[in-house]
Amino acid sequence: PAHETPEILRAELASAALQLHAMQIPGFAALEWLDAPPAGAVEHAEELLRALGALDGAGRITPVGREMARFPLHPRLARLVVEAARRGAGEDGCAAAAVLSAGERLPEEPPHASRSDVLVLMENRRLPHTGRILRQIRAAAGPHCRGRNEEALLMAVLAAFPDRVARRRPNGE
């Protein structure tokens with residue numbers, strides 16, 4: 001191609017939308033852009049933020065959304081950290097956010113049966129840069145990274161991925 005497609009036309013916009021709301025800028029339309037973000041991408045970002053509890057029905061940032069905006073993470077992972085801390089599983093939430101942010105992958109054959117792929121990822125040997133990401137999350141989260149509770153962590157995963165959680169059936173589906 002003669003030029004590259006501008007990032008704003010191809011990027012997922014949830015992080016940017018959350019930051020705009022946290023700065024009390026009423027959305028993408030309030031700013032002048034060289035290339036305006038696609039309306040569909042903006043709508044998708046706002047829908048995701050509502051599903052995560054970061055925005056209320058009127059599109060205003062919630063207290064949970066303000067807390068999420070403090071973290072240098074995708075809103076889903078910020079929601080995971082916030083919800084895990086609220087439920088007393090902050091250390092587990094920070095670790096889960098780190099392995100998911102780092103792009104850790106499940107082993108071909110999990111070492112044992114587990115209730116959640118996130119738990120398998122956390123127990124698996126980690127990529128070298130995952131430790132660095134975890135340290136960065138802990139530094140940003142401070143007291144949010146305290147406490148361990150597997151059940152609370154799984155509920156936090158539900159809060160962070162309400163549209164992407166599924167149950168594995170016995171036959172592997």
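For the pair Ile8/Leu34, no side-chain contact is recorded, criterion being any heavy-atom separation below 4.5 Å from C-beta on. In this structure, Arg126 and Glu104 have side chains that are in contact, with non-hydrogen atoms separated by less than 4.5 Å.
In terms of modelled atom types and a separation under 3.5 Å, the side chain of His44 and the main chain of Ala41 share no donor-acceptor contact. For Arg132 (side chain) and Pro128 (main-chain N/O), no donor-acceptor pair under 3.5 Å exists by modelled atom type. Proximity of a side-chain donor or acceptor of Arg146 to a complementary backbone N or O of Gly90 within less than 3.5 Å is not detected. No donor-acceptor pair under 3.5 Å is formed between the side chain of Arg148 and the backbone N or O of Ala89. The closest donor-acceptor contact from the side chain of His21 to the backbone of Arg60 lies at 3.5 Å or more, if one exists at all.
Rounding to the nearest 0.5 Å gives a distance of 11.5 Å between CD of Glu151 and CG of Asp92. Going from atom SG of Cys94 over to atom CD1 of Ile137 covers 6.5 Å, rounded to the nearest 0.5 Å.
A chain of hydrophobic side-chain contacts below 4.5 Å, direct or via other Ile, Leu, Val, Met, Phe, Trp or Tyr residues, connects Phe71 to Leu153. Under a hydrophobic clustering in which Ile, Leu, Val, Met, Phe, Trp and Tyr are joined whenever their side-chain heavy atoms come within less than 4.5 Å, directly or via other members, Val81 and Leu158 fall into the same cluster. Clustering ILVMFWY residues whenever any of their side-chain heavy atoms sit less than 4.5 angstrom apart, transitively, puts Leu55 in the very cluster that holds Val82. Residues Phe161 and Leu52 are members of one and the same hydrophobic cluster, defined by side-chain heavy-atom contacts under 4.5 angstrom among Ile, Leu, Val, Met, Phe, Trp and Tyr. The hydrophobic cluster containing Leu77 does not contain Leu134, counting ILVMFWY residues as joined when their side-chain heavy atoms lie under 4.5 angstrom apart, directly or transitively.
For the side-chain contact (heavy atoms from CB on, under 4.5 Å) criterion with Leu49, the lone passing option out of Leu13, Leu18, Thr62 is Leu18.
In this structure, Gly27 and Leu20 approach most closely via the heavy-atom pair C-CD1, 3.9 Å. For Ala98 against Ile133, the heavy-atom pair with the smallest separation is CA-CG2, 3.9 Å. Taking all atoms of both residues into account, the shortest heavy-atom contact from Ala160 to Pro162 is C-CD, 3.4 Å. The shortest non-hydrogen separation linking Leu106 to Leu121 is N-CD2, 3.7 Å. Gly93 approaches Ala84 most closely through the heavy-atom pair CA-CB, 3.5 Å. When every heavy atom of Ala36 is checked against every heavy atom of Leu9, the shortest pair comes out as O-CD2, 3.3 Å.
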Note to self: The test is side-chain contact (heavy atoms from CB on, under 4.5 Å); show your working for Val64 and Arg79 and say whether it passes.
What the structure shows: CA-CA 8 Å; Val64 168; Arg79 178 66 170 140; 3.3 Å; yes

Next item on the list: In sequence, state the C-alpha distance, the side-chain angles, and the governing distance for Leu100 and Leu80, and then conclude on side-chain contact (heavy atoms from CB on, under 4.5 Å).
Entry: CA-CA 11 Å; Leu100 293 170; Leu80 174 62; 4.1 Å; yes

Margin query: One pair to check against side-chain contact (heavy atoms from CB on, under 4.5 Å): Arg66 and Arg70. What are the steps and the verdict?
Written below: CA-CA 7 Å; Arg66 287 205 182 284; Arg70 294 183 38 236; over 6 Å; no

Next item on the list: Tell me, with the steps shown, if Asn149 and Arg87 meet side-chain contact (heavy atoms from CB on, under 4.5 Å).
Entry: CA-CA 8 Å; Asn149 182 320; Arg87 293 176 173 273; over 6 Å; no

Check: Can you list the steps and then say if Glu91 with His144 is a side chain to side chain donor-acceptor pair (under 3.5 Å)?
Finding: CA-CA 8 Å; Glu91 176 61 30; His144 281 81; over 6 Å; no

Note to self: Show, in sequence, the C-alpha distance, side-chain angles and deciding distance for Asp163 and Arg76, and conclude whether the salt bridge (charged side-chain N to carboxylate O under 4.0 Å, His left out) test is met.
What the structure shows: CA-CA 11 Å; Asp163 57 336; Arg76 286 184 187 275; 2.9 Å; yes

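Relative orientation of the Trp33 and Phe28 rings is tilted, given thresholds of 30° and 60° on the angle between their planes.
Ionic pairing of Glu47 and Arg50 is not present here: no N-O contact between side-chain nitrogen and carboxylate oxygen is shorter than 4.0 angstrom.
Residue pairs meeting the side-chain hydrogen bond (donor to acceptor under 3.5 Å, both in side chains) criterion with at least one partner in residues 1-16, sequence neighbours excluded, are Glu4-Arg10, Glu12-His74.
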